[in-house]
Structures are given as structure tokens and as C-alpha cells.
Amino acid sequence: MSYALIIHGGAGAQPDFDYTEQRKHLNELILTGQQLLEAGTKAVDVVDQMVSSLEASGLYVAGKGSAPNTAGVVELDASIMDGSSRAAGAVAATPNLVHPIKAARAVMDDGQHVMMSGEGAKAFAMANGLKSVNDPDAYYSEHEKHGSGGGEENGSHGTVGAVAMDLNGNLAAGTSTGGTFNKRPGRVGDTPLIGAGTWADNLVAVSCTGVGEMFIQTAAAHDVAARMRYAGTTLDVATRETLDNVKKLGGDGGLIAIDHKGHITMPYNSLGMKRAFVSSELEATVRIFEREDL
Ligand code: ASP
């Protein structure tokens, strides 16, 4: 029986930054994910756990590592999708959560809505027992330190995400971000949009990272599935064509994807992409600037 897992810590990466901590963290986390999948944990639960750990680390632009918008508020985006049922949940522009992915998961599990935003999403998360941040300035203090592409400049960005195929062949995807640095209050990127930043069905699971506006304009995550489903394109070709279209609109970034046969791919057209993968056939591996030939 086979399984596969990819996690990412975002496409924003600076060539001269020392990512030793991120590499160590990604390595530990992918091994934890491998154990979970080998123990028979469902893909959607593994994705939830991977993204939660990435958020809590403060090492990427998501959860604790997020940066405030121009009004000084940290607004978070996240989404999760279970490919076996197409159940999905998302929160957008939601302030001061510890685990946006868990809020997205609560929306999914509740089932009444797929996407919630702002204070309403926060209130829903609190009502579901999730934690909020009491002292945002102290909690979200890591964003200048983790090398996610140019510090405080406009356009710097990062994200975290995970895609998994479990022992039953089910797929899931999840993505979480603090968004682009110096974004306007209320700005929502691709990350919480099912079909743009995140997608999972019974064919493919995708989590994107990069300049969100162009991933929205290309419906990037679902575009991969559509190319495979309607044109019979392979995972590799579909993901590269999708990213080429993002690039044509002026956006850079990358994505991680697993198809229903457990094939994996992690293309990007940014300088680097923090990522790690493992499968029943492939040893756990961490990469940032190195390319793989899978
Ligand atoms: N896609 C994210 C956003 O635009 C940022 C990133 O992935 O780096 O909010």
C-alpha cells in the first residue's frame, strides 16, 4: 500500500538567508507525517496536523510567523479540502488566530458553510474552542526573522501548506498564510480560496504559494485538476502549464501536488521554495533552492 506527503513553507525565499532552522523543522515534520501515514491516519488529518505545526513554528509567513497589514493587524487566510468527499472549509482575513487551519477545519466539519471571513470567522473559531491571540504584537513577532523574501517590503510573502495521499488512496490539501507583507486591510489572497490556493478531489491534491492575485486569476489549484481531468494531462505537465500561466500574468511562486497514483511534484518559478517530501517509495527529503528530478 502506498502513501505520499509533501509540505511547504512558502515560495518567498532569499538566496543569501540561512535556512538551517527551517530545514531542521521541515525534516522533523515530514518524518512525523510519514509515521502518521504509515499508521493509517487519514490524509485530511495529516494535512491538518502538518499545517498546524508549520503555523505554530513561527518560521514561515503563517500563524505565528505572519506579518501585520498596513493597519497593524494580522489577518490570516487558510483553507482545507478533503478529496474523498470534496468537503472543504476556509477562513479569510481573520484576525488574531493561533491556528487558522483549525478554524478552516472547523468550518469544514460543521458543514453549513465552506468559507467564513473576518470577525465572524473568528467568533466561529472561538465558539469551537480554538485559541485566539491576546497580545498580537508579542505573538506575531517572528516575521522579520525568517527570511521570507525581503523583510518588510511590499510584495514579500510566504505561506505554508501540505498535500497527502493516505493508505486508502484518499487525497487532501491545506494551505495557511499571513498573506503578502504590507497588504491592505481586508485583502484576501489565493490561500483561502478553494480552487485558487487549495484543491483536492479524487484525482489530485494541490497547495499553492506565491503572489496570490495571479493564482486567483488563473484558478491555479483547480486548473491543475481540470487539465488532468479534461485533457488527460499528466501531473507534471499540468502543474507546469498552470505555473506558466501564473508567470504570464506577472506572478511568481510554486505549488505542491500529489495525484491519485501517489506521483508527486513541486514546481516553482520563484527563487526557491521551502519544501519537504516523503512517500512509500521516496526517502524523506528537504529542499529549498535545489531542484529535484522526480
Ligand atoms: N499566496 C499567498 C498570498 O498571496 C502568499 C504566498 O504564498 O507567499 O497571500
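Excluded from the calculations below are hydrogen atoms, water molecules and symmetry mates; all remaining heavy atoms, backbone and side chain alike, are included. Here the structure is a predicted model, which means the values were calculated and not measured. Whatever order the structure lists ligands and atoms in, that order sets their numbers, starting from 1.
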Open item on the list: Tell me whether G212 has any N or O atom under 3.5 angstrom from an N or O of ligand 1.
Closed with: yes
- [ ] Would you please determine whether G10 falls within less than 4.0 Å of ligand 1 on a heavy-atom basis?
- [x] no
TODO: Answer with yes or no whether the hydrophobic clustering places L167 together with L37; edges join I, L, V, M, F, W, Y residues whose side-chain heavy atoms lie under 4.5 Å apart.
DONE: yes
Task: R23 with E290: basic N within carboxylate O range, under 4.0 Å - done: yes
Task: Under-4.0 Å heavy-atom contact with ligand 1, by part of V61 that carries it - done: neither
Task: Which of the ligand 1 atoms, numbered from 1, are nearer than 4.0 Å to a heavy atom of T191 - done: 1 (N), 2 (C)
Open item on the list: Testing the 3.5 Å rule here: is there a donor-acceptor pair between the side chains of Q14 and Y19?
Closed with: no
TODO: Consider every N or O of T209 and every N or O of ligand 1, then say whether any pair is closer than 3.5 Å.
DONE: yes
Open item on the list: Would G210 count as a contact residue for ligand 1, given that I'm defining contact as a non-hydrogen atom of the residue lying under 4.0 Å from a ligand atom?
Closed with: yes
Task: Identity and separation of the nearest protein heavy atom to atom 8 (O) of ligand 1 - done: H157 ND1, 2.5 Å
- [ ] With heavy atoms of D190 as the reference, note each atom of ligand 1 found under 4.0 Å away.
- [x] 1 (N), 2 (C), 3 (C), 4 (O)
Open item on the list: Is the ring pair F181/H143 parallel, tilted or perpendicular, if the boundaries are 30 and 60 degrees?
Closed with: perpendicular
Open item on the list: Is it the case that ligand 1 has an N or O less than 3.5 angstrom from some N or O of G179?
Closed with: no
Open item on the list: How far is atom 6 (C) of ligand 1 from the closest protein heavy atom, and which atom is that?
Closed with: T159 OG1, 2.8 Å
- [ ] Look only at interatomic distance and state if G189 has a nitrogen or oxygen under 3.5 Å from any nitrogen or oxygen of ligand 1.
- [x] no
Task: V133 side chain near V98 side chain, heavy-atom distance below 4.5 Å - done: yes
Open item on the list: Tell me the protein heavy atom at minimum distance from atom 9 (O) of ligand 1, and give that distance in Å.
Closed with: R187 NH1, 2.7 Å
- [ ] Check the angle between the aromatic planes of H222 and W199 and answer parallel, tilted or perpendicular using the 30° and 60° thresholds.
- [x] perpendicular
Task: Where I256 and M273 come nearest, the two heavy atoms and their spacing - done: CG2-CE, 4.1 Å
TODO: Find out whether L97 and K122 are in side-chain contact, i.e. whether some heavy atom of one side chain is under 4.5 Å from a heavy atom of the other.
DONE: yes
